[in-house]
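Just below is one structure, and these are the notes that go with it.
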Amino acid sequence: MRWNFRSWGFGEAIALRGLLEAGAVLDDPALSAYVLALMRGWLGRGVARSNEDHVAPGRELLSLWQREGDPAMLDAARALAALNASFQVGAHGARCHRPDTPGWRHQIWVDCMDVDGPFLVRLGAATGEQRYIDQGAAELLGYVRTLQDEASGLLRHGHEKYAGVNGAYWARGNGWALMGLIETLEALPREHPTFAELRERLGALADALAARQDVGGLFHTVLTDDATYLETTLAAMLAASVALAIDHQLIDACHAAMMARARAAVLTHVDDAGALALVSDATPVGEHHVYATRPFGIFPWGQGPLLLMLARNPS
């Protein structure tokens, strides 16, 4: 709650999601009140007025709308969906989130898998409008078809229209993909035409991660290079979401062991103040050395998954 939420970025939404779920488990209204106040301030300034809202917390907005019943929140969610639909379609149907920014206008990022699909499918379920469900599922399928390596099951960080796939098999990026697939499939009707392929690709990713997990339970920041440092965010994301996938029969139950190892490893890196260590700084798509040299710090994309892990698996 001390993070300066001045603008949205990858990580802020999962931090707010963690606060909401932790508040429910702890029966602490201060946590949800903090998120509600932050969101009302955002609504007051205007939602989806610029492309900077491309990573705004739509799923969390929906959660608050369902609790508060404020029609302005649903209007804001629809505005976010319309902003998303305005973005140009890239490879296989994925969206390029920053068409307004030179150098980024033709890029697709794995991080977006935790942004688009889970929000849009839930918006469709909440409103009864099939178009949102179809939009979210199609975009998620586009990302995974573009970025997933068919041989290994792992996902690249990005794709550029003219350069093709780029970036490493980044651990946190595969965490975003894992959570996005699980939390979309959990809400997606099983009869939807994209469901079978999305579940198959999720299974391939889970199998690939199990093969890459370090003996201590964490993952190297470049999954295919054991010389890069161990990092905690993928482990926390995995520990927060795999139980849901197993419960909904989305992945094999054998992956409970991977989840348990990840959870135990994450807990060894939480200090007395609740800060999760070994969380790498924001990481742009780049060459190998970019991933291998990011500094550590305390960030919402570490604290959010940690809160979700503890709220969903408190024992």
Side-chain angles (χ1 to χ4, degrees), residues 10-11 13-15 17-18 21-22 110-111 113-114 118 152-157 168-183 202-247 250-283 291-292 294-315:
F10 292 114
I14 199 169
R17 199 179 322 149
E21 293 197 22
V110 71
D111 320 48
M113 291 179 66
D114 190 56
S152 70
L154 298 174
L155 282 85
R156 288 279 188 178
H157 188 172
Y169 295 111
W170 175 42
R172 185 160 63 244
N174 279 264
W176 291 127
L178 182 77
M179 293 192 77
L181 283 163
I182 290 171
E183 298 193 12
L202 169 61
L205 174 57
D207 291 346
L209 293 177
R212 292 290 177 178
Q213 189 176 33
D214 183 75
V215 65
L218 299 182
F219 296 86
H220 293 274
T221 194
V222 177
L223 289 166
T224 53
D225 184 357
D226 290 353
T228 59
Y229 56 68
L230 292 169
E231 210 262 2
T232 54
T233 48
L234 170 55
M237 291 171 169
L238 189 152
S241 58
V242 162
L244 180 67
I246 292 173
D247 288 347
L250 300 174
I251 62 173
D252 196 289
C254 71
H255 292 309
M258 172 174 60
M259 178 184 67
R261 288 192 297 270
R263 186 181 190 281
V266 167
L267 289 175
T268 66
H269 295 287
V270 180
D271 68 19
D272 291 341
L276 179 61
L278 299 187
V279 177
S280 58
D281 202 346
T283 306
Y291 302 88
R294 301 304 291 164
F296 292 133
I298 309 303
F299 299 110
W301 49 86
Q303 295 304 116
L306 173 64
L307 284 176
L308 291 173
M309 182 190 88
L310 294 173
R312 295 173 179 180
N313 305 283
S315 60

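Only heavy atoms go into these numbers, but all of them, side chains included; no hydrogens, no water, no symmetry mates.
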* Gln303 (side chain) donor-acceptor with Leu276 (main chain) under 3.5 angstrom -> yes

* Expected output: side-chain Trp301 to main-chain Val279 donor-acceptor under 3.5 Å ->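 It does not hold such a pair.
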
Report yes if some heavy atom in the side chain of [X] is under 4.5 Å from a heavy atom in the side chain of [Y]; otherwise report no.
X	Y	value
Trp170	Asp111	yes
Phe219	Leu238	yes
Tyr169	Arg156	yes
Ile246	Asp252	no

If I take atom [atom1] from residue [X] and atom [atom2] from residue [Y], how far apart are they, to the nearest 0.5 angstrom?
X	Y	atom1	atom2	value
Tyr291	Asp225	OH	CG	13.0 Å
Arg172	Glu231	CZ	CD	5.0 Å
His255	Leu250	NE2	CG	12.0 Å
Met237	Ile182	CE	CD1	11.5 Å
Arg263	Thr268	CZ	OG1	12.0 Å
Leu223	Leu209	CG	CG	6.5 Å

* Step-by-step side-chain hydrogen bond (donor to acceptor under 3.5 Å, both in side chains) determination, Thr221 to Arg294 -> CA-CA 10 Å; Thr221 194; Arg294 301 304 291 164; over 6 Å; no

* Asked: Taking only residues two or more places apart in sequence or in another chain, which ones pass side chain to side chain donor-acceptor pair (under 3.5 Å) with Arg261?
  -> Gln213

* Which of these passes side-chain contact (heavy atoms from CB on, under 4.5 Å) with Met179: Asn174, Leu244, Ile14? ->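 Output: one option passes, namely Ile14.
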
* **Pair Arg17 + Asp114, salt bridge at N-O below 4.0 Å** =>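 Yes, charged N to carboxylate O under 4.0 Å.
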
